[in-house]
Amino acid sequence: MSTALIAGLLAGYGIAMPVGGVVTYLVALTARTSLRTGACAALGIATADGLYALVAAVGGTSLTRLIVPLMTPLRWASVLVLLALAARGAAVAIRQYRDPGTAVGGTGTPLGPARAYAALLGLTLLNPATVIYFAALVLGGRTTASLTGPEQLAFALAAFVASASWQLLLAGGGAALGRVLTGRKGRLITALASSTLITGLAVHLLAAAP
């Protein structure tokens, strides 16, 4: 059991720590809204990681053959979602800058906690990097090949906990950034910078397609 827990923790941190479009959006979202919204978004990411870890532990290496044909549509879906998030973030930031009455707070909040959780859960489930990681890297290891039922659950739970701890740490950083950059110009600059970076990541993801 301890081996499965350690393997799950390593797998969770392995997929959570690299900075990509999902993480960038998480930090930017928290900076523009609140720690509560950011925490829910972080748990959405961790939930997706945990689900993939569970499927990986239960399904075995055979999942790789099933997922490979789906990589192209998954990549395109991820690119489109990232571009939509970037465009929406930039549009909201510009509108709030021009009309302070629509600034974050009340009905102007871009996403509430529940919607933030669902949005980041869906985006992470569509993330090709997450699919590849658990299908090819984690599943290919000998550690996960012979896990029993309880050990598979422990592996997935450990991956969720590892991912959640890291994502919540990043959300906390986003909240701190939001408290520092509370002015209209600060919100506009950070939102546009985030949208630009997310767009760049989407283009890079598309360019990396085989």
Thr124 and Tyr52: side-chain hydrogen bond (donor to acceptor under 3.5 Å, both in side chains), yes or no, with the steps?
CA-CA 10 Å; Thr124 307; Tyr52 270 127; over 6 Å; no
Kindly compute the distance separating [atom1] ([X]) from [atom2] ([Y]), expressed to the nearest 0.5 Å.
X	Y	atom1	atom2	value
Phe160	Thr47	CZ	OG1	4.5 Å
Thr37	Tyr117	OG1	OH	15.0 Å
Asp49	Leu54	CG	CG	12.5 Å
Leu29	Ser34	CG	OG	8.5 Å
Leu121	Leu51	CG	CG	7.0 Å

Taking only residues two or more places apart in sequence or in another chain, which ones pass side chain to side chain contact (heavy atoms under 4.5 Å, CB included) with Ala90?
Leu192, Ser195
Minimum heavy-atom separation for [X] to [Y], with atom names?
X	Y	value
Gln167	Ile45	NE2-CG2, 3.7 Å
Ala39	Ala171	N-CB, 4.2 Å
Leu9	Ala158	CD2-O, 3.5 Å
Ala164	Leu43	CB-CD2, 4.1 Å
Leu26	Gly38	CD1-O, 3.4 Å
Ala53	Ala156	CB-CA, 3.9 Å

Side-chain donor/acceptor of Ser165 to backbone N/O of Ala162, under 3.5 Å:
yes
